[in-house]
Amino acid sequence: MKARCNNMHDRSLGDGVYYDSQDYASFIRRIGVIVIDSVVLVFLSIVLWSTLLVVYDEFGFTDDPVRLFSVLAALGVWLYSVPLKRSRFRTVGYRVLGLMIVATKGGPPSLLTMTFRSLLWLFGPFNFLLDLAWLGADTEGQTLRDCYAGTYVVRNGACPIGTAPMRLTRYNGAGLTLAYPRVCRPSKDSPLAE
């Protein structure tokens with residue numbers, strides 16, 4: 001989706017970075033990350049559940065381990081999807097496919113930003129298919145979650161090629177009216193283009 005950024009000189013949202021189009025994660029790599037990280041999380045959940053069953057059996061606990069498992073699994077998913085994903089270590093999927101997540105303002109996103117991004121995945125308002133369809137059409141390689149959270153998924157080690165003003169961008173389509181801050185890179189014929 002091509003953002004429509006007017007030529008106003010409003011910088012009230014600040015500046016953001018942008019990358020070369022080859023640096024943004026491709027659709028296939030993003031799907032690969034989802035598959036790999038899902039397998040890792042399922043494996044870790046099985047290990048956690050098995051460990052809890054052994055501990056409950058060994059110590060003779062009589063209550064149901066489901067509640068404790070749910071709390072520990074949710075904490076584990078958050079630790080994997082938020083602090084680990086934004087760190088230099090990254091998740092298994094991000095490491096295997098050579099990707100990293102960055103903020104549109106530059107640098108790693110905050111814990112709050114990453115938590116918000118994860119909550120958008122779980123609670124919407126976008127569904128999984130709409131998010132992926134948006135990714136396939138977006139010029140900056142962002143899903144709707146990335147647009148609203150202010151993040152990019154880029155090649156590991158990629159460096160921004162410039163900065164540009166962030167503007168509130170609006171889209172209308174498929175019964176949705178969307179508005180979010182977007183880095184409006186200069187057009188190739190602009191005097192600001194690098």
Side-chain angles (χ1 to χ4, degrees), residues 16-17 19 23-59 61 63-136 138 140-160 180-181 183:
V17 298
Y19 293 79
D23 287 336
Y24 295 112
S26 69
F27 182 82
I28 298 298
R29 283 185 181 227
R30 297 283 290 255
I31 295 294
V33 165
I34 292 168
V35 170
I36 292 169
D37 285 343
S38 295
V39 168
V40 169
L41 287 171
V42 167
F43 174 75
L44 292 174
S45 296
I46 291 170
V47 168
L48 175 63
W49 179 248
S50 301
T51 304
L52 281 177
L53 288 179
V54 168
V55 168
Y56 269 63
D57 186 49
E58 187 68 31
F59 291 101
F61 295 129
D63 58 327
D64 192 7
V66 172
R67 184 174 297 145
L68 179 59
F69 170 77
S70 299
V71 170
L72 292 176
L75 178 63
V77 168
W78 181 81
L79 288 170
Y80 189 82
S81 304
V82 175
L84 182 63
K85 188 179 284 186
R86 70 178 284 276
S87 75
R88 64 186 174 110
F89 301 109
R90 298 165 291 151
T91 65
V92 174
Y94 275 65
R95 286 187 73 78
V96 166
L97 295 172
L99 300 175
M100 65 181 186
I101 191 161
V102 294
T104 53
K105 299 262 187 183
S110 69
L111 286 174
L112 183 62
T113 296
M114 290 298 292
T115 301
F116 175 66
R117 184 177 185 271
S118 293
L119 290 174
L120 283 174
W121 187 265
L122 293 173
F123 301 113
F126 320 113
N127 67 43
F128 176 75
L129 295 176
L130 179 61
D131 210 24
L132 290 179
W134 190 271
L135 170 65
D138 191 81
E140 304 297 319
Q142 291 179 290
T143 61
L144 285 169
R145 293 180 312 130
D146 290 323
C147 293
Y148 279 93
T151 57
Y152 298 124
V153 177
V154 296
R155 228 178 7 89
N156 189 36
C159 294
Y180 55 85
V183 177

Any side-chain to backbone donor/acceptor pair from [X] onto [Y]? Under 3.5 Å, distance only.
X      : Y      : result
Arg90  : Leu99  : yes
Arg145 : Leu120 : no
Arg29  : Leu97  : yes
Asp37  : Gly93  : yes

Exercise. If you look only at pairs with a residue in residues 30-49, which of them pass as a ring pair (Phe, Tyr, Trp, His ring centres under 6.0 Å), with sequence neighbours excluded?
Worked result: Trp49-Phe69
Problem set entry | Qualifying ring pair (Phe, Tyr, Trp, His ring centres under 6.0 Å) pairs with a residue from residues 74-117, counting only residues at least two apart or across chains | none
Would you mind reporting whether [Y] and [X] have side-chain heavy atoms less than 4.5 Å apart?
X      : Y      : answer
Val154 : Val102 : yes
Ile34  : Ser38  : yes
Leu111 : Pro83  : yes

Exercise. Taking only residues two or more places apart in sequence, or in another chain, which ones meet Arg117 in a salt bridge (Lys or Arg N to Asp or Glu O under 4.0 Å)?
Worked result: Asp146
For this session: Under the salt bridge (Lys or Arg N to Asp or Glu O under 4.0 Å) rule, collect the residues that match up with Asp23, sequence neighbours excluded.
Result: Arg155
Problem set entry | Sequence-distant partners of Thr51, side chain to side chain contact (heavy atoms under 4.5 Å, CB included), two or more places apart | Val47, Val55
Problem set entry | Candidate list Leu84, Val39, Leu41, Ile36, test side-chain contact (heavy atoms from CB on, under 4.5 Å), partner Val92, passing option | Ile36
Approximate separation, where rounding is to 0.5 Å, of [X] [atom1] and [Y] [atom2]:
X      : Y      : atom1 : atom2 : value
Tyr19  : Glu140 : OH    : CD    : 11.0 Å
Gln142 : Thr104 : CD    : OG1   : 7.0 Å
Ile101 : Thr91  : CD1   : OG1   : 9.5 Å

Exercise. Step by step, would you call Thr143 with Arg30 a side chain to side chain contact (heavy atoms under 4.5 Å, CB included)?
Worked result: CA-CA 10 Å; Thr143 61; Arg30 297 283 290 255; 3.1 Å; yes
Problem set entry | side chain to side chain donor-acceptor pair (under 3.5 Å) partners of Ser118, counting only residues at least two apart | none
